[in-house]
Structure formats: C-alpha cells, structure tokens
Number of protein chains: 2
Amino acid sequence: MSDRVVPPTARQRRRPTKQGVVLSEELIVETALRLIEEHGADALSVRRLGRALGADPSSLYRYFRHTDDLMLAIADELIGRTLRTWRPTGDWRADLRDLGLRMHAGALAHPRAAVLSSFRVTGRVYEIQAVETLLGVLRGAGFPDAEAVRIYHAFVDQALSFGALDAAGAALPRAAREAETGVWRATYARLPADTHPNIAATAHHLVADMRRSSYPAALDLLLSAAELRLTEIRGRPEA
Amino acid sequence: MSDRVVPPTARQRRRPTKQGVVLSEELIVETALRLIEEHGADALSVRRLGRALGADPSSLYRYFRHTDDLMLAIADELIGRTLRTWRPTGDWRADLRDLGLRMHAGALAHPRAAVLSSFRVTGRVYEIQAVETLLGVLRGAGFPDAEAVRIYHAFVDQALSFGALDAAGAALPRAAREAETGVWRATYARLPADTHPNIAATAHHLVADMRRSSYPAALDLLLSAAELRLTEIRGRPEA
DNA sequence: GACCTTATGACAACACCGTTGACCTGTTAA
DNA sequence: TTAACAGGTCAACGGTGTTGTCATAAGGTC
C-alpha cells in the first residue's frame, strides 16, 4: 500500500470530505500542530486528527505513508519557524545564546515533534542555512576552523538533545509529570543527613533547581568554556 | 485498583504462573530489558512482556501500577549497572569525566531503553545513590551548595540527553543511519564556496567531526567552565 | 453536456494496545 | 485443619495504527 500517497505536486482532484473540508498536506500539518498545542502531545492520533479535520482517519494515508511521515513533516515546519525570525547581532556569544534558547523553546512548544526529529540530519535548506550561519558566527569570532567545527557540533547537539530531553518531559501525561516534581519534594528532600549528607545539605536547592530545565545553565557553561578557549587561542595564535 | 501492588518487602506468597514461572520485580525488569534490546523499543508492551515471561499480562499489575512504573524500574536498573563499578579517585574533574563517559557508554549499550528512560526521575535507590555521590564529588571539590546543584543538574542532564541523542541515532535502521552520514559527504561537502563560504571552508572538518559523538567535547567544555567557576569562587570566597 | 478514468474519501475490519473488575486457587499462618 | 488472602487468570472495554475494498465526484475529452 505504499503507492497510496501521491506527491503534492501531482495532486489535482481535491474532493471535499463528507463534512465539506478540502484536505491538503498543509492543512493536515497545521491541524496536527494545533491539536498538539491545544490538547497535549498525546492528543495526536490518526483517529483524533481525522475527527478534528472532519475526515475519515484513513484519508490521511493518502497524504502520509504513516504517522512517522506526518511527524517529520511537522518537524520540518518547526525548523523553519524557529529560524525564520532570528537575526545575528554581531556579538557571537549573545547570538549563540539567543539561538540556543530559541531552539530549546521551539522544541518545548512542540514536544512530540521535537522528540522524534532531534537526532535526524535532514540536509534540507533550513538546516544548511543554520549550519552556515552558525559556523559564520564562530569563525567570525576568531575560532580556527577545527575548533569552530568542534564547538558548533557540541553547541547544536546540546541544543537539540536538551530540547528533546525537556520536550520528552513536557510530553509526559500530566499525572506522571506531577509525580516527578513530587519526587524531589517527597523523596529527596526527606532523606536523613546521616545516610545522605550531600542530598540533605542541598535539598532546598535541589527542590528549587530540578523543576527547571538545566539548559540555560548548561548553555552558559558551554559558552563560558568556548570564550575561555578563545582567549587561550588569541594568546598564542599559532598553537 | 491502586492497592493492587504490594511493596516488594511485604511480598511473601509466590505462586508460580500456569507455565511454572515464579514472578518477581527483578525478573520482570530483566525480561523487559532483554525484550527491548532484542526486538526494539516497540517490542515492550504489557502483553508481549507477559508472553515472554509466561504469565498473564494482568499479573504484571501486581508488581507495577502501570507501564510507566515499569519504565522507571528499568531506568533505575540501568543507572545501577552504570554506577556499580565506578570508584571515585578524589580528583573531581577526572571523576566527573569518567562518570560522564560511563553514563554515555551505558546509554549506547542499551540504546532503546536509554531513549525511553533518559528523561525520567525515578526516585529509586540507584538514582538516589548517584545523586548523593555526584553531589559529594562537587561539594568536596569546593563548590558552594547552590553552585554544586546547578552544575550537578547540568552535568547529569547533559550526560543523559547526549546519551539519548546518540542512542537514538544508533537505534536507527542501518539504511537510515548510513544515509545520514552520507549527507555530510554528499550534500554539505559539495556546497560551493560562494554561496556557503563557512561550510566550504570547514567541509573537511565537518565530514570528520560530525560522524563522531560530540559528547566527549561537550563534556570537556562543561568541565572547563566548571573549573573556571571554581577558581573564581576561590578568588573571592564570600561572593 | 455526456462520458470515462481515476484520484481520493469512506467504510469496515484486523491485530494490537493498556487497564480493570471479578474470579479462583495455592500458600501461609494460626 | 482451616481460614484468609496474595497473587495469577479471565474476559471485557475503549482505545490505537493500518489496510483492502468500494463508491463517487472531479477533470479531461469529445
């Protein structure tokens, strides 16, 4: 049944569904994104999406081979949206920080899509654009090529992987998510000092810190280390 | 139905299943891990697990409230296996580096389970042990409590999220994985210098670097930044 | 405007999934 | 010996993704 999907360009006859909706790849992706945003990540199922569109679930298989296909289409749309409004200022550290936070926020806004797409290399236009821009920022800052690539790689993977990590947490059913934050309060904060001295001493900090994403802190650490490298390099340019 | 699960310590009557298997929390977790590694993450379902154990699926609900509980138990087992052979040397930076690399390697050794469990807080014994140990290393190094927690959080999340990221890549079907590494060679390395100067200038480095995990580099960056913080703190102890 | 082709939506079915309430039975303690 | 009950089993519910088949409206052609 893999010949069921017709490439979007070749699509010509658009018959409205029983409920009068004219389907299209774009409409499906948009509706899916809206569904995720409004009713949580697990609201996205072929059947629910069909219902939301006013179409039979099986109709969607005329546009996407399977749900994974749909997820990738959604992810692609997300990359575009993240990059579309970003503009470099010339301050490499501020630029990288801004971009990192945007990528992370983009992932959190659409957790399911982020989780599925974070580890894929698409080789598509937006991704290429991002690589070029990022490398430009780093080389412009004065990092030698090998170092720029090394830091680019770490930076991107950090943004993607933290994005996915936090997105996965956000995509958890509400009950499970609340249970997790409760664990720090109910379990860790109550461990006695004689058996777990370090946890007991920092319990207050743990409860406060662990409910937040560690990405901003990790990002700042990475940028600090990069800046340190840069000053070392400038000190001995031929090293 | 929440009183269905009996705490492991209170469990005493162990009746064998129809097929003669004596169930236990450990046996279930072990079997689940085996199932995941052998047949992929999707192979883990209550019904399949029941079949693999030689027990009715509903029996598992005597041991775990729901599938999520089971996932947490699996995650904790993985943490335990990682930690079991680790011994601190007293050099905080070397210790953290070693531990980070171990966690990463552990994730790669059980890619599917890692992907499923990396973002969960289990509140179980092994996890607690890990938290206590890590905080001990950082506080012992001289980080004040708030700073120790901040760095602990970033360190752990980075190890887990990069672990999951690389594990997800490793869990990809072989064809897809090869296609991805090919993209760097076939697409990026061939971009002309006039439209993509930064990629063209670093293409050689990109092809070499992007096929490797960026975790070791990211880890070293994080540790460098932490060390920098430590010298700053020592410079002005009351800051 | 009628006709033919065919793209595309609808339907029904399949094989799964997690979870639960009711039941039954072997083990254990008294 | 017996009574309690932990723990395994059964059957069912409402969900899921996916597919084989069918019907029909759109589009091109005359």
Side-chain angles (χ1 to χ4, degrees), chain A residues 1-25 27-28 31-32 35-36 39-72 112 116 172-173 175-176, chain B residues 1-28 31-32 35-36 39-74 116:
Chain A
M1 265 298 120
S2 59
D3 54 339
R4 206 166 234 192
V5 175
V6 170
T9 51
R11 206 173 276 277
Q12 37 194 9
R13 312 187 185 181
R14 331 210 65 126
R15 165 145 64 134
T17 69
K18 257 192 172 173
Q19 302 186 34
V21 185
V22 176
L23 294 179
S24 71
E25 202 169 314
L27 179 63
I28 295 174
T31 307
L35 216 55
I36 293 177
H39 302 97
D42 33 346
L44 189 65
S45 74
V46 178
R47 301 174 113 99
R48 251 199 270 240
L49 183 52
R51 225 178 296 135
L53 280 162
D56 189 273
S58 66
S59 304
L60 305 184
Y61 288 87
R62 300 276 181 210
Y63 294 83
F64 301 97
R65 266 199 250 286
H66 31 243
T67 23
D68 238 45
D69 252 28
L70 173 60
M71 283 315 310
L72 287 183
R112 278 254 312 234
L116 283 181
L172 240 44
Chain B
M1 264 300 120
S2 59
D3 54 337
R4 208 166 233 193
V5 175
V6 169
T9 50
R11 208 173 274 277
Q12 37 194 5
R13 312 184 185 183
R14 333 209 63 128
R15 164 146 62 131
T17 70
K18 258 190 171 174
Q19 300 186 36
V21 184
V22 176
L23 294 179
S24 71
E25 202 169 315
E26 297 78 40
L27 180 62
I28 294 174
T31 308
L35 217 55
I36 291 174
H39 302 100
D42 299 348
L44 189 65
S45 75
V46 177
R47 302 177 112 100
R48 247 198 271 238
L49 183 52
R51 224 178 299 137
L53 280 162
D56 189 273
S58 66
S59 306
L60 305 185
Y61 288 86
R62 301 276 182 210
Y63 294 83
F64 302 96
R65 265 200 253 288
H66 31 243
T67 13
D68 215 58
D69 253 28
L70 173 60
M71 263 335 296
L72 293 183
I74 293 172
L116 288 180

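As the structure is a computational prediction, the values presented were derived from the model and not from experiment. Computation of the quantities below employed the complete heavy-atom set of this structure, encompassing side-chain atoms and omitting hydrogens, waters and symmetry-equivalent molecules. Residue numbers begin at 1 in each chain, while the letters A, B, ... track the order of the sequences.
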Distance test, side-chain N/O of Thr67(B) to OP1/OP2 of dT19(C), below 4.0 Å: yes
Per Arg62(B) side chain, nearest of listed nucleotides dG9(C), dG7(D), dG18(C): dG7(D)
Atom-pair distance (CG on Leu23(A); C1' on dA10(C)), nearest Å: 12 Å
All pairs passing side chain to side chain donor-acceptor pair (under 3.5 Å) where residues 44-57 of chain B contributes a residue, at least two apart: Asp56(B)-Ser58(B)
Spacing between Leu60(A) atom CG and dC11(C) atom C1', to the nearest angstrom: 15 Å
Euclidean distance, atom CG of residue Leu35(B) to atom C1' of dC17(C) [Å, nearest integer]: 15 Å
Presence of Tyr63(B) side-chain N/O under 4.0 Å of dG8(D) phosphate oxygens OP1/OP2: yes
Least distance between heavy atoms, Gly54(A) atom then Val21(A) atom: O-CG2, 4.3 Å
Sequence-distant partners of Tyr61(B), side-chain contact (heavy atoms from CB on, under 4.5 Å), two or more places apart: Arg4(B), Val46(B)
Sugar-phosphate only, base, or nothing, as touched by Ser58(B) at under 4.0 Å among non-hydrogen atoms: base
Separation between CD1 of Ile74(B) and CD1 of Ile36(B), rounded to the nearest 0.5 Å: 4.0 Å
Results of side-chain contact (heavy atoms from CB on, under 4.5 Å) for Thr31(B) - residues two or more places apart only: Leu27(B), Arg34(B), Leu49(B), Ala52(B), Leu53(B)
Gap between atoms OH and P, on Tyr61(B) and dC17(C) respectively (whole Å): 11 Å
Heavy-atom side-chain contact between Ser59(A) and Leu23(A) under 4.5 Å: yes
Any Leu44(A) side-chain heavy atom under 4.5 Å of Met71(A) side chain: yes
Rounded distance in Å - CD1 (Ile28(B)) to C1' (dG7(D)): 11 Å
Rounded distance (Å) that lies between atom P of dG17(D) and atom CZ of Phe64(A): 14 Å
Any Lys18(B) side-chain N or O less than 4.0 Å from OP1/OP2 of dT25(C): no
Nearest-angstrom distance from the residue atom NE2 of His66(A) to P of dT18(D): 7 Å
Residue-level proximity of residues 45-56 of chain B to DNA chain D when a heavy atom falls under 4.0 Å: Arg47(B), Ala55(B), Asp56(B)
Nearest-Å distance for atom pair CG/P, residues Asp69(B) and dG18(C): 14 Å
Sugar-phosphate only, base, or nothing, as touched by Ser59(B) at under 4.0 Å among non-hydrogen atoms: base
5'-most by nearest nucleotide on DNA chain C - Ala43(B) or Val22(A): Val22(A)
